[in-house]
Number of protein chains: 2
Amino acid sequence: MSTTSRKSEIISKASQLFKEKGYSAVTVRDIAQAMEMKAASLYNHIDSKQEILSILILDLARDFTDGMHQVQQMKNSPLQKIEALIELHIDITVNQSEALAALNNDWMHLPENEVVEFVAMRESYEENFRNIIKEGISLGQIQSRHPEVILFSILSTLRTLYLWYQKRGKLDVNVLKRDMVAVLLRGIV
Amino acid sequence: MSTTSRKSEIISKASQLFKEKGYSAVTVRDIAQAMEMKAASLYNHIDSKQEILSILILDLARDFTDGMHQVQQMKNSPLQKIEALIELHIDITVNQSEALAALNNDWMHLPENEVVEFVAMRESYEENFRNIIKEGISLGQIQSRHPEVILFSILSTLRTLYLWYQKRGKLDVNVLKRDMVAVLLRGIV
DNA sequence: CTACAAAACTAACGTTTGTTAGTTTGAATT
DNA sequence: AATTCAAACTAACAAACGTTAGTTTTGTAG
């Protein structure tokens with residue numbers, strides 16, 4: 001009795017290939033080869049190639065949404081909430097970097113209704129993030145007059161972290177969290 | 001006598017499509033339709049679909065390399081050099097966002113020898129950027145003990161700016177430069 | 001008016017694509 | 001020993017892919 005189903009093995013292998021070449025450039029025969037089986041055999045486990053993408057992206061999008069809701073329920077200061085969000089992104093980067101690549105780069109290849117759902121989730125997430133930043137500004141914890149630029153800078157850095165994390169060789173997660181918080185919040189100059 | 005050749009029109013139209021769906025998901029028939037012609041007619045002007053990608057990415061990579069060399073020859077302080085690099089990225093984002101999308105997302109679909117060339121150029125660019133940051137640290141202009149994290153944070157933000165710039169509606173470039181410098185260098189807290 | 005070259009066209013090619021249908025294998029259960 | 005069932009297989013499909021060959025249109029210069 002294998003603890004991981006055959007279907008989730010396929011999704012895992014596929015996500016690695018998607019990360020390297022993107023969803024559109026990966027064929028079902030590529031995925032089958034990685035699974036050491038024939039392409040047709042995949043269809044004993046999955047409905048379609050697109051289903052793999054949908055599972056990867058929407059499951060991860062829900063993780064982000066859940067994480068955001070947990071942070072919102074914290075009784076901490078806005079700055080501590082942002083710190084918690086940075087840690088959320090880093091944990092996801094470390095544990096699900098392949099799905100994260102798909103979410104970042106291949107969401108537009110979801111079926112139309114799921115694109116709508118995904119974009120709505122992403123906009124909601126950004127809106128919640130923005131509100132935390134604004135709260136921090138109005139409390140005087142954040143000094144800048146550019147909440148939108150701050151939001152964009154932090155999110156850009158966190159969303160691309162998966163590219164950098166693999167290149168730099170697996171760093172200690174706690175060190176990484178500390179350093180990222182230091183640079184993103186306390187600044188450079 | 002049209003000032004823009006037919007070939008560059010094709011490259012321009014193709015780059016818009018690549019930005020939306022990625023290189024692999026765009027077919028030559030898509031490009032032809034955008035040009036209001038038949039797919040076969042494209043080949044009076046281009047050698048292959050891949051040639052379009054090569055031109056887009058390598059030309060832009062050279063722009064970045066040239067810009068970096070100009071900054072290096074400045075007699076300014078490291079902090080001012082970083083400011084100049086931020087402005088370089090913003091200028092390219094505003095004027096060549098489609099090519100920038102291809103460079104960011106589709107470089108792995110270049111032919112093998114050009115992948116090697118591209119990666120070498122990118123690593124050299126990052127190395128030069130890193131040295132400027134280190135110089136700033138040793139001069140006491142930059143306080144952090146994390147040059148690598150700073151490099152990554154700044155580059156991530158600048159490289160993804162093209163996504164945000166289009167969404168937010170065309171902002172005034174000079175305002176954008178000022179705000180980006182403020183957030184990226186002077187920090188948040 | 002003719003000649004020429006650029007740039008469009010039609011038609012088709014060999015491959016590769018995602019997917020389906022039907023069959024075989026092999027291990028566990030009755 | 002017979003049955004069942006998940007999971008692999010072979011073979012093939014129609015559609016879409018990038019590209020080529022050969023032909024016609026179109027605008028310009030002699």
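These numbers were taken from a predicted model, which means no experiment stands behind them. All chains are named by letter (A, B, ...) in the order of the sequence lines, taking the proteins before the strands, and each is independently numbered beginning at 1.
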Under-4.0 Å side-chain N/O to phosphate OP1/OP2 contact, [X] with [N]:
X	N	result
His45(A)	dA8(D)	yes
Lys49(B)	dG18(D)	yes
Ser41(A)	dA7(D)	no
Arg29(B)	dT19(D)	no

Measure from the side-chain heavy atoms of [X] and tell me the nearest of [options].
X	options	result
Thr27(A)	dT10(D), dT17(C), dA7(C)	dT17(C)
Val28(B)	dT10(C), dT19(D), dT10(D)	dT19(D)
Ala40(B)	dA7(D), dT10(D), dA21(D)	dA21(D)
Ala39(A)	dT19(C), dC9(D), dG18(D)	dT19(C)

Expressed in angstrom and rounded to an integer, what is the separation of [X] atom [atom1] from [N] atom [atom2]?
X	N	atom1	atom2	result
Lys38(B)	dA12(C)	NZ	C1'	15 Å
Ile46(B)	dT20(D)	CD1	C1'	13 Å
Leu42(B)	dC17(D)	CG	C1'	14 Å
Asp30(A)	dT17(C)	CG	P	7 Å
Tyr43(B)	dC13(C)	OH	P	18 Å
Gln33(A)	dA8(D)	CD	P	16 Å
Glu9(B)	dA6(C)	CD	C1'	14 Å
Tyr23(A)	dT17(C)	OH	C1'	12 Å

Should [X] and [Y] count as an ion pair when the cut-off is N to O under 4.0 Å?
X	Y	result
Arg145(A)	Asp179(B)	no
Glu126(A)	Arg159(A)	yes
Arg130(A)	Glu123(A)	no

Item to complete: Hey, which sits more toward the 5' end of DNA chain C by its nearest nucleotide, Ala25(A) or Asp47(A)?
Response: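 Looking at the nearest nucleotide for each, Ala25(A) comes out on the 5' side.
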
Worksheet item: Do you see a donor-acceptor pair shorter than 3.5 Å between the side chains of Asn76(A) and Glu83(A)?
Response: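 Their side chains do not contain a donor-acceptor pair, so the 3.5 Å distance test is not met.
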
Discussion item. Reading DNA chain D from 5' onward, which residue's closest nucleotide shows up sooner: Ser24(B) or Met37(A)?
Written reply: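 Result: Met37(A).
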
Fill in: Side-chain donor/acceptor contact of Asn44(B) with base of dA6(C) under 3.5 Å
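By the distance-only test, no, there is no pair.
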
Discussion item. On the six-membered ring of Tyr162(A), is Lys19(A) placed so that its NZ or CZ lies under 6.0 angstrom from the centre and within 45° of the ring axis?
Written reply: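 No, a cation-pi geometry is absent between Lys19(A) and Tyr162(A).
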
